[in-house]
Amino acid sequence: MSETFDVIVIGSGPGGYVCAIRAAQLGMKVACVEKRATLGGTCLNIGCIPSKALLQSSENFHETMHSWKDHGILVEGVKLDLDRMQDRKAEVVSANVKGVEFLFSKNKITWLKGAGRIVGPGKVDVAGVVYDAKNIVIATGSESVPLPGVEVDEDRIVTSTGALELEEVPGHLVVIGGGVIGLELGSVWRRLGAKVTVVEFLDRIVPGMDLEVAKTFQRVLAKQGFAFKLSTKVIGATRDDSGVTLSLEPVKGGAPETLRADVVLLAIGRRAYTEGLGLAEAGVETDPRGRIKTDTHFATNIPGIFAIGDVIAGPMLAHKAEDEGVALAEILAGQAGHVNYAAIPGIVYTWPEVASVGETEETLKEAGTTYNVGKFPFTANGRARAMGSTDGFVKILADKATDRLLGAHIVGPDAGALIAEIVTAIEFGASAEDVARICHAHPTLSEAVKEAALAADGRALHI
Ligand code: FAD
Ligand code: NAI
């Protein structure tokens, strides 16, 4: 007889595994289907965690090579041991994925190993066995978008997955796509010595982010040695024994050109992954971009089938998937689960970091909302000077009439940690003045946030 669960979650990424844990905490009998050999999804295995491990290691290497001298620390004979760096990354991933396995056993969640397929109302097939579920949650995540003419082999032409596994530092890494993946992984290999060229279709990098921040970010990366070819599209790639020749075409007209690379990283976005799920047979509707359509309660058009995370609309971020997992589990338990999409931060973990929450100047202008801008540069922050990390600024956007915080954008040291204060303030409906009147410890980078909040009312103290 087949086993019956209150909830079967398909996919164990941050959306799926967090939903499973919360549902189990709320007293439900839960199973989670995962076809990968380890739990944790893209994020823990081939995404957030391994990329941050390599970002940390490569930053340590770069600092030792280039910045310590400035502090009066002279180090000779510094060498890169890439094998050890990669082994360390694998150890970090392993500790994290085993952590999820421990949490599953602690919360009595059954891991159904194999690919899940919906084979009827409330029925999921895993490796030839059909399990019954009162509720099915699809959390199957995303995969990288292919580019016609550029065939990925995960050796010379790689996605983020291959770019995390390179066994030697490429002489020239060409990144197709000036988005988050391209700039984070481009930074890793640039710091380890590669020449890095970013080829971007649009006339700017990191589309969707505040334009002024994007321009400053690009300038800082150029100072670090990144080369940019904006408004340029890649129309083909030819691989030979020693590398790849890319054919480029300017978007706004002009002569085509070629670009030689040792390794090409294709990072032009990610798309919902639903292969083999049996969606069409189950009658589950998707949108034109292949994402599963849901209502505000994560319900699909088929009763008893829900979806969360990268496979539905919204930013493809681990913490967005996690919050949806918690909200859905609470809704299934009859509680009022909710996600505030206006207060989801986005961070690029380069150095300096870039962090953003809420509206940008561009979205406010488009909506016709009048706003005040408060800006404060890290060159005027004592702690940033002491750190030797003064690139960038904090920018706060507040409603002109009410002073309510609408958005914040930071390019600078530890921007990812600094943005948390503004996310909290937005969540509580605070004004710029509320943030400005909070006592911020001295000397900290957070004083730049306070000063930017003061600047929104034209009364910054240190500029
Ligand atoms: P996923 O994490 O993609 O998990 C889906 C899981 O479902 C996978 O394990 C897959 O094997 C499994 N699955 C799929 N189909 C089936 C099936 N039929 N049966 C069984 N199992 C199935 N986000 C951040 O917020 N911060 C970051 O720093 C960050 N860095 C990133 C770096 C990289 C290189 C990449 C690629 C992504 C990064 N992301 C980051 C994005 C983040 O990884 C995703 O937003 C997040 O993993 C989405 O979670 P999810 O649960 O929706 O899906
Ligand atoms: P992205 O959407 O961030 O950037 C893709 C870039 O490629 C865009 O600038 C786009 O204009 C450009 N592009 C599209 N087609 C192109 C073409 N044919 N030629 C040249 N350029 C082209 O996508 P990316 O970097 O692949 O990352 C996918 C997602 O993964 C992100 O959107 C994010 O949600 C998630 N992620 C999050 C991270 C974080 O939170 N720190 C880190 C890495 C990934």
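Side chains included, hydrogens not; waters and symmetry mates left out as well; all remaining heavy atoms used.
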Side-chain donor-acceptor pairs of residues 321-329 under 3.5 Å, sequence neighbours excluded:
unit_1, atom_1, unit_2, atom_2, d
Glu324, OE1, Gly309, N, 2.8
Glu324, OE1, Lys320, NZ, 3.2
Glu324, OE2, Lys320, NZ, 3.1
Glu324, OE2, Tyr341, OH, 2.6

- For Glu91, enumerate each residue passing the salt bridge (Lys or Arg N to Asp or Glu O under 4.0 Å) test, keeping only those at least two apart in sequence or located in another chain. Arg84

Counting only pairs under 3.5 Å, give me each side-chain donor-acceptor contact of residues 218-227, with atom names and distances, residues two or more places apart or in other chains.
unit_1, atom_1, unit_2, atom_2, d
Lys223, NZ, Asp391, OD1, 2.8
Lys223, NZ, Asp391, OD2, 3.4
Gln224, NE2, Trp351, O, 2.6

- Leu166 and Asp155 have their tightest heavy-atom pair at CD2-O, 4.3 Å

- Item | Partner set under salt bridge (Lys or Arg N to Asp or Glu O under 4.0 Å) for Glu151, not counting sequence neighbours | none

- Task: Apply side-chain hydrogen bond (donor to acceptor under 3.5 Å, both in side chains) to Lys365 and list each qualifying residue two or more places apart in sequence or on a separate chain.
- Result: none

Which donor-acceptor pairs under 3.5 Å do the side chains of residues 112-122 make with protein atoms, sequence neighbours left out?
unit_1, atom_1, unit_2, atom_2, d
Arg117, NH1, Gly276, O, 3.2
Arg117, NH2, Glu281, OE2, 3.1

- Message: Taking side chain to side chain donor-acceptor pair (under 3.5 Å) as the cut-off, I'd like each qualifying pair that reaches into residues 201-211, sequence neighbours left out, listed once.
- Response: Asp210-Lys395

- Message: Run the salt bridge (Lys or Arg N to Asp or Glu O under 4.0 Å) test against Arg289 and tell me which residues pass, sequence neighbours left out.
- Response: none

- Query: Going by the salt bridge (Lys or Arg N to Asp or Glu O under 4.0 Å) test, which pairs reach into residues 350-359, not counting sequence neighbours?
  - Reply: none

- Task: Output every pair passing side chain to side chain donor-acceptor pair (under 3.5 Å) with a member in residues 12-27, not counting sequence neighbours, ordered by first then second residue.
- Result: Ser12-Glu34, Arg22-Gln25, Arg22-Glu330

I'd like a table of donor-acceptor pairs (distance under 3.5 Å, sequence neighbours excluded) in which one partner is a side-chain atom from residues 172-189, with atom names and distances.
unit_1, atom_1, unit_2, atom_2, d
His172, ND1, Arg260, O, 2.8
His172, NE2, Thr197, OG1, 2.7
Glu184, OE1, Lys52, NZ, 2.8
Glu184, OE2, Tyr349, N, 2.9
Ser187, OG, Leu183, O, 2.9
Trp189, NE1, Ala163, O, 3.0

- If you take all heavy atoms of Ala139 and Gly15, which pair is closest and at what distance? CB-C, 4.4 Å

- Query: Are Lys29 and Phe5 in a cation-pi contact, defined as NZ or CZ under 6.0 Å from the six-membered ring centre and within 45° of the axis?
  - Reply: yes

- Message: Can you list everything that forms a salt bridge (Lys or Arg N to Asp or Glu O under 4.0 Å) with Asp287? Sequence neighbours excluded, please.
- Response: Arg291

